[in-house]
Peer 1: 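Please find one structure pasted underneath; my questions will follow.
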Amino acid sequence: MKKILFIILSGVSLVACKQDFTNPGAISDVDAFSTPRGLSGVAVGLQNVYSNGRLSPLYNGVTAAGSLTNEFRLMNAGNTDEFQLFQGGAVVDNLNGIVGNMWTWNNKIIYDADKVLEGANKLGDKNYASGLIAYASIYKAMAIGNLAMFFEQIPAAPGTQTTPAAFQSRVDGFRRAVTTLRAAQTALGANAPNAAFFANVPSNITTAYFNNTISALIARYSLFAGDFAAAITAANAVDLSYNGAVLGFDAIVTNPIFTTATATNNVFQILDSTLGLPTALAPDLNDQRIAFYTAINPTIQPRYRIKGFFSAATQAVPLYLPDEMRLIKAEAYVRQASPDLTAAVTEINAVRTQLPSADAFGVGGGLAAYSGTVSAPALLDEIYRQRCIELCMSGMRLEDNRRLGRPASERKRTFFPYPSRERDNNPNTPTDPAG
């Protein structure tokens, strides 16, 4: 990726509660949010906050979902926050660092993205503005989606010193993410981003990046919200041969899962070739995705190691995988008011039989077609199995586990508690879920 300087803002509220954090060395909000270049710097900063280091939503989402649904094995109980997740239940408390970081940094992204959107809408150059709107909307939507996957209720909008955030249901959060993305589609349709915009963002940000990523995220969050027709339409709009929608890393900003877990062998590792699935849903050992997502160490325990998109310091991480779109359609076909089980089987088979060489990211099962029972319950089980294999270590397995009706015994906690930092400052904070 092109090296882009991102801007750290002064006086930005990092959480939905009533706290301000000031960086005396940073530029002012006025400068950052009033010029095209300043707004571009903040927009690129959203990507950095999302993916950089152990505090990031990328690290915490993958870690939390994998720990709570048995994708991972704990390597060192001295990593207290991760250890609590592996224990699950009430052990995951309001002071857990991963819970707190998930809350803080996703809310920061939403806050900063809103400021970019506000500034972009005031620019005279509407072609530059549309690029800013699309870029900021993608990260705002993913941040909302992350909160809604792990918390039962989420802030409906960032709060202020005098007006603490109100809360909305997680389903309304997914709908809000979709609304944000549709507004970006409208902006792109009205005014195509210009060369001046693309010159100030990473080189993988292109018109194709915007069109495909926005459609893919609309499909994802429409499915999670139960809007199945919209999910199918959006998934159909994604070019499955496109592979440019990624988070890039370099020698300075490294892949956080590789740096923290894979390379150290001291936090967590992939469980084994089952990918943490129960016996009835375990992958076929001939599934070529097992070798994609796991490595074998014949001499040093554990035998199975993290691979996939977390096997090198500079390895890029996709924002979505092409076959996620097929599995979204399969689930939507089954769960819509008039189920189309035949269409669902077609999409499942496209995922099962695809060879790695035919996939934009090299993820393929190379299996035989589905031969099980063709009923809604059986197909939903198969869709869950395929999502867990295809989207291994994507951070979505906890959401999938709940949504697809898996037994509570297959997860160690259903929703996160609300961080103490929010409860201490916001009287609107809901009661913690049971676990």
Side-chain angles (χ1 to χ4, degrees), residues 9 11-23 49-50 53-65 67-69 79-115 139-177 224 395 398-399 401-402 408 411-435:
L9 302 173
V12 172
S13 175
L14 295 186
V15 290
C17 64
K18 302 178 292 182
Q19 289 182 321
D20 289 325
F21 297 82
T22 301
N23 177 358
V49 172
Y50 191 89
R54 199 165 180 169
L55 301 181
S56 68
L58 175 60
Y59 175 83
N60 287 293
V62 171
T63 300
S67 302
L68 292 173
T69 61
N79 295 295
T80 304
D81 296 325
E82 287 84 356
F83 172 75
Q84 288 185 356
L85 294 179
F86 278 92
Q87 298 300 300
V91 175
V92 183
D93 61 24
N94 309 82
L95 295 173
N96 181 276
I98 290 173
V99 172
N101 289 329
M102 182 77 72
W103 188 263
T104 296
W105 297 104
N106 281 300
N107 274 298
K108 174 177 171 52
I109 289 168
I110 295 165
Y111 178 93
D112 285 353
D114 280 343
K115 299 290 282 184
Y139 284 93
K140 177 180 177 180
M142 290 196 298
I144 294 170
N146 287 339
L147 291 173
M149 285 193 290
F150 287 94
F151 295 93
E152 200 168 32
Q153 297 184 55
I154 69 171
T160 67
Q161 285 279 5
T162 56
T163 308
F167 281 71
Q168 63 183 175
S169 73
R170 55 189 296 276
V171 172
D172 283 340
F174 290 133
R175 292 173 179 145
R176 182 168 134 233
F224 293 175
L398 181 64
E399 168 62 34
N401 188 276
R402 287 190 310 257
R411 55 185 180 266
K412 296 172 182 175
R413 189 175 174 102
T414 299
F415 291 106
F416 277 164
Y418 299 97
S420 292
R421 66 190 76 173
E422 184 71 18
R423 189 170 301 286
D424 291 345
N425 290 278
N426 186 350
N428 299 325
T429 305
T431 302
D432 286 336

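Because the structure is predicted, anything quoted here is derived from the model rather than measured. Just so you know, residue 1 is the first one in the sequence shown, and it goes up from there.
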Peer 1: About how many Å separate NZ of K108 and OH of Y50, when rounded to the nearest 0.5 Å?
Peer 2: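 Those atoms lie 16.0 Å apart.
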Peer 1: If you define the side chain from C-beta out and look only at heavy atoms, does anything of N94 sit under 4.5 Å from P419?
Peer 2: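 N94 does not reach P419 side chain to side chain.
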Peer 1: Considering all heavy atoms of both residues, which atom of N426 and which atom of P164 are nearest to each other, and what is their separation?
Peer 2: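 Here N426 and P164 meet closest at OD1-CB, 3.2 Å.
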Peer 1: Is it true that a side-chain atom of N101 and a backbone atom of L55 form a donor plus acceptor pair closer than 3.5 Å?
Peer 2: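 Pair absent, no side-chain N/O of N101 close to backbone of L55.
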Peer 1: Return yes if a side-chain donor-acceptor contact under 3.5 Å exists between R170 and Q153, otherwise no.
Peer 2: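 No, because no side-chain N or O of R170 sits under 3.5 Å from a partner of the opposite role on Q153.
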Peer 1: Indicate whether the side chain of R421 and that of T104 have a donor and an acceptor atom separated by less than 3.5 Å.
Peer 2: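 The answer is yes; a qualifying pair exists.
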Peer 1: How many angstroms lie between atom CG of D432 and atom OH of Y418, to the nearest 0.5 angstrom?
Peer 2: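 Between D432 CG and Y418 OH, I get 7.5 Å after rounding to 0.5 Å.
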Peer 1: Can you tell if the side chain of S56 reaches within under 4.5 Å of the side chain of V49, non-hydrogen atoms only?
Peer 2: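 Sidechains of V49 and S56: no contact.
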Peer 1: Any idea which heavy atoms bring A157 and A165 closest together, and the distance?
Peer 2: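 The pair with the smallest heavy-atom distance is O-CB, 3.4 Å.
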Peer 1: If you measure from CH2 on W105 to CD1 on I110, what distance do you get to the nearest 0.5 Å?
Peer 2: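 Going from the CH2 atom of W105 to the CD1 atom of I110 covers 13.5 Å.
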Peer 1: If only atom types and distance count, is the side chain of N60 paired as donor or acceptor with the main-chain N or O of R54 below 3.5 Å?
Peer 2: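 Yes; judged by distance alone, with no hydrogens or angles, the pair exists.
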Peer 1: Report yes if some heavy atom in the side chain of F174 is under 4.5 Å from a heavy atom in the side chain of E399; otherwise report no.
Peer 2: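 The answer is yes; the side chains approach within 4.5 Å.
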Peer 1: Assess the pair F416 and W103: is the distance between their ring centroids shorter than 6.0 Å?
Peer 2: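 Between W103 and F416, which both carry aromatic rings, the centre distance is not below 6.0 Å.
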Peer 1: Strictly by modelled atom types, are N106 and Y139 linked by a side-chain donor-acceptor pair under 3.5 Å?
Peer 2: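 No, because no side-chain N or O of N106 sits under 3.5 Å from a partner of the opposite role on Y139.
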Peer 1: Check this for me, if you would: do D172 and R176 make a salt bridge, where the nitrogen-to-carboxylate-oxygen distance has to be below 4.0 angstrom?
Peer 2: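 Judged by the 4.0 Å cut-off on N to carboxylate O distance, D172 and R176 do not form a salt bridge.
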Peer 1: Which atom pair, heavy atoms only, marks the closest approach of F150 to G61?
Peer 2: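 Taking F150 first and G61 second, the nearest heavy atoms are CZ-O, 3.7 Å.
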Peer 1: Hey, what do you get for CD1 (I154) to OG (S169), rounding to the nearest 0.5 Å?
Peer 2: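 OG of S169 is found 8.0 Å from CD1 of I154.
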Peer 1: Examine distances only and state if a side-chain atom of K412 and a backbone atom of F86 form a donor-acceptor pair shorter than 3.5 Å.
Peer 2: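 Here the side-chain-to-backbone pair exists.
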Peer 1: Please name the pair of heavy atoms, one in L147 and one in M102, separated by the smallest distance, quoted to 0.1 Å.
Peer 2: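 Of all heavy-atom pairs spanning L147 and M102, the closest is CD2-O, 3.7 Å.
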Peer 1: Taking only residues two or more places apart in sequence, or in another chain, which ones meet D81 in a side-chain contact (heavy atoms from CB on, under 4.5 Å)?
Peer 2: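 Residues passing side-chain contact (heavy atoms from CB on, under 4.5 Å) with D81: N96, I98.
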Peer 1: Grab the two heavy atoms, one from L398 and one from R413, that are nearest each other, plus how far apart they are.
Peer 2: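 Reported closest heavy-atom pair: CD1-O, 3.4 Å.
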Peer 1: Going by heavy atoms in the side chains, are N107 and P158 under 4.5 Å from each other?
Peer 2: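 Not touching, per the 4.5 Å side-chain cut-off.
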Peer 1: Might you point out which heavy atoms bring V92 and P417 nearest each other, and give the distance in Å?
Peer 2: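 Reported closest heavy-atom pair: O-CG, 3.5 Å.
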Peer 1: Does the side chain of I109 reach to within under 4.5 Å of the side chain of P57, using non-hydrogen atoms?
Peer 2: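 Contact flag for I109/P57 side chains = yes.
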Peer 1: For residues 139-150, pull every pair meeting salt bridge (Lys or Arg N to Asp or Glu O under 4.0 Å), keeping only residues two or more places apart or in separate chains.
Peer 2: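 Non-adjacent pairs meeting salt bridge (Lys or Arg N to Asp or Glu O under 4.0 Å): D114-K140.
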